[in-house]
Amino acid sequence: MRSAVSVIWFHPGGGCILELSKKVLLTGNICRSPIAEAVFRKLVTDEKVENKWRIDSAATSAYEIGNPPDYRGQTCMKKHGITMSHIARQITKDDFQSFDYILCMDESNLRDLKRKSNQVKDCKAKIELLGTYDPQKQLIIEDPYYGNEKDFETVYEQCVRCCKAFLEKPH
């Protein structure tokens, strides 16, 4: 797990103000959430606000734990000049307590996350579909696993639109 980075601002009247980073966890599987994580990471780096964000991704199931992102997703991201360095992990109870936002890809993910969050005391994460931020109103980011390269490109394009809109939102 990556560590959070904080920004310290010095107040003109003396003393300092500690501004904690926002934490976002993207959930899906070995296809969608690693793409969304890499896209979001690239956007915050390009905007020079990476010190204000802690970004990670995780799956709701244990099926792919320890695996790298799907090779087709890696190929798609390389085509766009975006690096991926993710190994699949399953969401934990601590994630619900430590992340500000948990953004998922479809209704099945959303149901699983809401069910799991109900079992966590002091859940602070706001759980939403990443697609709620899509300016083109594509609410669901479909799983491209059984598809082809074009389907991975579609996921990439949706993630770019959604992550940009999410990043532009006041937090």
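Counting from 1, the numbers follow the sequence of the chain as shown.
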Strictly distance-based, threshold 3.5 Å: is any side-chain N or O of Arg89 a donor or acceptor partner for the main-chain N or O of Ala59?
no

Give the cluster check for Ile30 versus Ile102: same hydrophobic cluster or not, with ILVMFWY residues linked at side-chain heavy-atom distances below 4.5 Å.
no

Any idea how Tyr133 and Phe166 line up, ring-wise: parallel (<30°), tilted (30 to 60°), or perpendicular (>60°)?
perpendicular

Test item: Trp53 and Ser21 side chains (from C-beta on) under 4.5 Å apart, heavy atoms
no

Would you kindly say whether His80 and Glu157 are connected by a side-chain donor-acceptor distance under 3.5 Å?
no

Tell me whether Asn118 contacts the main-chain N or O of Lys114 through its side chain, where contact means a donor paired with an acceptor under 3.5 Å.
yes

Residue pair Ser117 / Cys123: nearest heavy atoms and the distance that separates them:
CB-SG, 3.9 Å

Test of understanding: clusters of I, L, V, M, F, W, Y form through side-chain heavy atoms closer than 4.5 Å, transitively. Do Leu26 and Val49 belong to the same one?
yes

I want to check something: taking the side chain as every heavy atom from C-beta on, are Tyr145 and Asp70 in contact at a cut-off of under 4.5 Å?
yes

Could you walk me through whether Gln74 and His86 pass the side-chain hydrogen bond (donor to acceptor under 3.5 Å, both in side chains) test, one step at a time?
CA-CA 10 Å; Gln74 291 183 52; His86 178 79; over 6 Å; no

Measure the shortest side-chain to side-chain distance between Val44 and Leu167 over non-hydrogen atoms and say whether it is less than 4.5 angstrom.
yes

Intermediate values then yes/no, side chain to side chain contact (heavy atoms under 4.5 Å, CB included), Phe96 and Ile127
CA-CA 9 Å; Phe96 291 97; Ile127 302 168; 3.8 Å; yes

Assess the residue pair Leu130 and Met105 against the criterion (side chain to side chain contact (heavy atoms under 4.5 Å, CB included)); give the C-alpha distance rounded to whole Å, side-chain angles, the decisive distance to 0.1 Å, and a yes or no.
CA-CA 6 Å; Leu130 178 59; Met105 307 299 154; 4.0 Å; yes

Which heavy atom of Met77 sits nearest a heavy atom of Ala38, and at what distance?
CE-CB, 3.7 Å

Residues Asp143, Cys31; criterion side chain to side chain contact (heavy atoms under 4.5 Å, CB included); working and verdict:
CA-CA 7 Å; Asp143 189 352; Cys31 298; 4.0 Å; yes

Decide whether a cation-pi geometry holds between Arg32 and Tyr156; the criteria are a distance under 6.0 Å from NZ or CZ to the six-membered ring centre and an angle within 45° of the ring axis.
no

Is there side-chain contact between Leu139 and Asp134, with heavy atoms separated by less than 4.5 Å?
no

Can a side-chain donor-acceptor contact be found between Gln90 and Tyr63 if the only test is distance below 3.5 angstrom?
no

Lys164 atom NZ, neighbour heavy-atom count above 12 within 6.0 Å
no

Would you indicate whether Lys137, at its atom NZ, is surrounded by more than 12 heavy atoms from other residues, nucleotides or ligands within a distance under 6.0 Å?
no

So that I can tick it off, tell me whether Asp112 and Lys116 are bridged by a salt bridge, with the cut-off set at under 4.0 angstrom between side-chain N and carboxylate O.
no

Run the side chain to side chain contact (heavy atoms under 4.5 Å, CB included) test on Asp56 and Glu37 for me, step by step, so that the C-alpha distance in whole Å, both residues' side-chain angles and the decisive distance to 0.1 Å come before the verdict.
CA-CA 6 Å; Asp56 199 358; Glu37 175 192 3; 4.1 Å; yes

If you look at every heavy atom in Ser57 and Ser33, which pair is closest and at what distance?
CB-O, 3.7 Å

Are the charged groups of Arg72 and Asp151 less than 4.0 angstrom apart, N to O?
no

Thr132 side chain reached by Leu129 side chain, heavy atoms, under 4.5 Å:
yes

Report yes if some heavy atom in the side chain of Thr27 is under 4.5 Å from a heavy atom in the side chain of Leu103; otherwise report no.
no

Which residue, Lys52, Lys126, Arg54, Lys124, forms the salt bridge (charged side-chain N to carboxylate O under 4.0 Å, His left out) with Asp100?
Lys124

Heavy atoms of other groups near Gln97 CD, more than 12 under 6.0 Å:
yes

